[in-house]
Amino acid sequence: MIRLCPSILNANFDELPNEIAKVARVSDLLHLDVMDNKFVPNFTFSFERAREIIESSQLPVDVHLMIANADKEALPYLETKAASITVHLEACEDPLSLLTEIRKRGKRAAIAIKPGTGIDEIRELLPALDMILVMTVEPGFGGQKFMSEMMPKVEAARKWLDEGGFGDTWLQVDGGISPNTIASAAEAGADTFVAGSAVYKAEDPAAMVTLLRQIATQ
Ligand code: DX5
Ligand code: ZN
């Protein structure tokens, strides 16, 4: 099954309910990029603002936490109605405990790796994971170029999931996903796609989500 998760990073922050409504009928989850200006050189939302967006979204929310000291700083998000919470391996001291806690609160637990982090580093976490996020850009900004050199990581993760019987664990890619790049990510084995600027810079964001889904399904 293919899932499309528009990222509102490049949407108009002053009109978020309207921006979310544009894609709600054709999307699976809303991807919310939380940046703290420490883990990445950019800031998006405070916890309070993120919570408002999560609580009011028409779509289930996939929270991507690009925040330092995730073992502690991610905890408030466990109290929200987020559907999925992704933390970065590079920002956790004890990823297994954090992921276990996320699951215990009834949310999908996910780990993300930056382009410089090898896929082998998350292998032992597989039983605790509901989703793996292979970043296809350096986290921090929308509108960057898709890094096709990340595809071997996606292929390796796909093999582990299929061969290990992790049928309910999703494999997400995030960064530079567009009609030109989504096919190669899908071929490598990704099933869950974040798209920010491709969707929100399109004249018709919903039509773009539908087009991306069509290409990824082929
Ligand atoms: C980047 C964010 C992405 C970003 C993707 O750090 O994690 O979710 O919004 O934007 P595009 O699709 O423009 O690369
Ligand atoms: Zn993201």
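Both ligands and their constituent atoms are indexed starting at 1 by order of listing. The basis for the numbers below is simple: all heavy atoms, side chains too, and nothing from hydrogens, waters or symmetry mates.
- A cation-pi arrangement, defined by a distance under 6.0 Å to the six-membered ring centre and an angle within 45 degrees of its axis, is present between Lys114 and Phe39.
- Counting only heavy atoms of the protein, atom 13 (O) of ligand 1 lies nearest to Ser197 OG, 2.5 Å.
- The distance from ligand 1 to the heavy atoms of Val194 drops below 4.0 Å at these ligand atoms: 8 (O).
- You'll find the side chain of Asp62 stays beyond 4.5 Å of the side chain of Trp170, heavy atoms only.
- When each atom of ligand 1 is checked for a heavy atom of His64 under 4.0 Å away, the hits are 7 (O).
- Counting the atoms of ligand 1 from 1 in the order shown, those under 4.0 Å from a heavy atom of Met35 are 6 (O).
- Side-chain contact check for His88 versus Thr117: every heavy-atom pair is 4.5 Å or farther apart.
- Within 6.0 Å of atom CD in Glu149, more than 12 heavy atoms from other residues, nucleotides or ligands are found, so the atom counts as buried in its surroundings.
- The backbone N or O of Met135 lies less than 3.5 Å from no partner atom in the side chain of Lys153, so there is not a single donor-acceptor pair.
- Here is the list of ligand 1 atoms found below 4.0 Å of a heavy atom in His31: 8 (O).
- Of all atoms in ligand 1, listed by their number and element, those nearer than 4.0 Å to a heavy atom of Asp174 are 2 (C), 3 (C), 4 (C), 5 (C), 7 (O), 8 (O).
- In terms of N/O distances under 3.5 Å, ligand 1 is not approached by Met66.
- Checked by atom type and distance alone, the side chain of Thr80 never pairs as donor or acceptor with a backbone atom of Arg51 at under 3.5 Å.
- Listed by chain and number, the protein N, O or S atoms at a distance under 2.8 Å from the Zn ion (ligand 2) are His31 NE2, Asp33 OD1, His64 ND1, Asp174 OD2.
- In this structure, Pro179 and Met208 have side chains that are in contact, with non-hydrogen atoms separated by less than 4.5 Å.
- Only side-chain heavy atoms of Ser7 come within less than 4.0 Å of ligand 1; its backbone N, CA, C and O stay farther off.
- Of all the heavy atoms in Ile215 and Ala183, the pair that sits closest is CG2-CB, 4.0 Å.
- Taking the side chain as every heavy atom from C-beta outward, Met1 and Asp191 never approach each other to under 4.5 Å.
- Looking from atom 14 (O) of ligand 1 to the surrounding protein, the closest heavy atom is Gly176 N, 2.8 Å.
- Geometrically, ligand 1 and Asp33 share a nitrogen or oxygen pair separated by less than 3.5 Å.
- At under 3.5 Å, not a single nitrogen or oxygen of Glu138, backbone or side chain, sits near a nitrogen or oxygen of ligand 1.
- Using a non-hydrogen distance threshold of 4.0 Å, Ala195 registers as a contact of ligand 1.
- Judged by distance alone, the side chain of Arg213 and the main-chain N or O of Val26 form a donor-acceptor pair under 3.5 Å.
- Protein heavy atom at the shortest distance from atom 12 (O) of ligand 1 is Gly196 N, 2.8 Å.
- Counting atoms of ligand 1 from 1 in the listed order, those under 4.0 Å from a heavy atom of Pro139 are 6 (O).
- Scanning all protein heavy atoms for the shortest distance to atom 1 (C) of ligand 1 gives Phe141 O, 3.5 Å.
- Of all the atoms in ligand 1, the ones that sit under 4.0 Å from a non-hydrogen atom of Leu9 are 4 (C), 9 (O).
- Polar contact check, Gln144 against ligand 1: no nitrogen or oxygen pair lies under 3.5 Å apart.
- Remark: the backbone N or O of Met131 is not paired with any side-chain donor or acceptor of Arg108 at under 3.5 angstrom.
- For Arg25, the CZ atom is loosely surrounded, since the number of other residues' heavy atoms within 6.0 Å does not exceed 12.
- Of the protein's non-hydrogen atoms, the one nearest atom 10 (O) of ligand 1 is Gly142 CA, 3.6 Å.
- Of the N or O atoms in Gly140, one or more lie within a sub-3.5 Å distance of an N or O in ligand 1.
- Using a 4.0 Å cut-off between a side-chain N of Lys or Arg and a carboxylate O of Asp or Glu, Glu155 and Lys159 do not qualify as a salt bridge.
- Ligand-side atoms of ligand 1 in range of Gly143: 11 (P), 13 (O), 14 (O), range being under 4.0 angstrom from any heavy atom.
- For the pairing with His64, the side-chain hydrogen bond (donor to acceptor under 3.5 Å, both in side chains) check across Thr44, Thr86, Asp174 returns one residue only, Asp174.
- Note on Lys107 versus Asp130: no salt bridge recorded, every NZ/NE/NH1/NH2 to OD/OE distance being 4.0 Å or above.
- Remark: the backbone N or O of Pro6 is not paired with any side-chain donor or acceptor of Tyr200 at under 3.5 angstrom.
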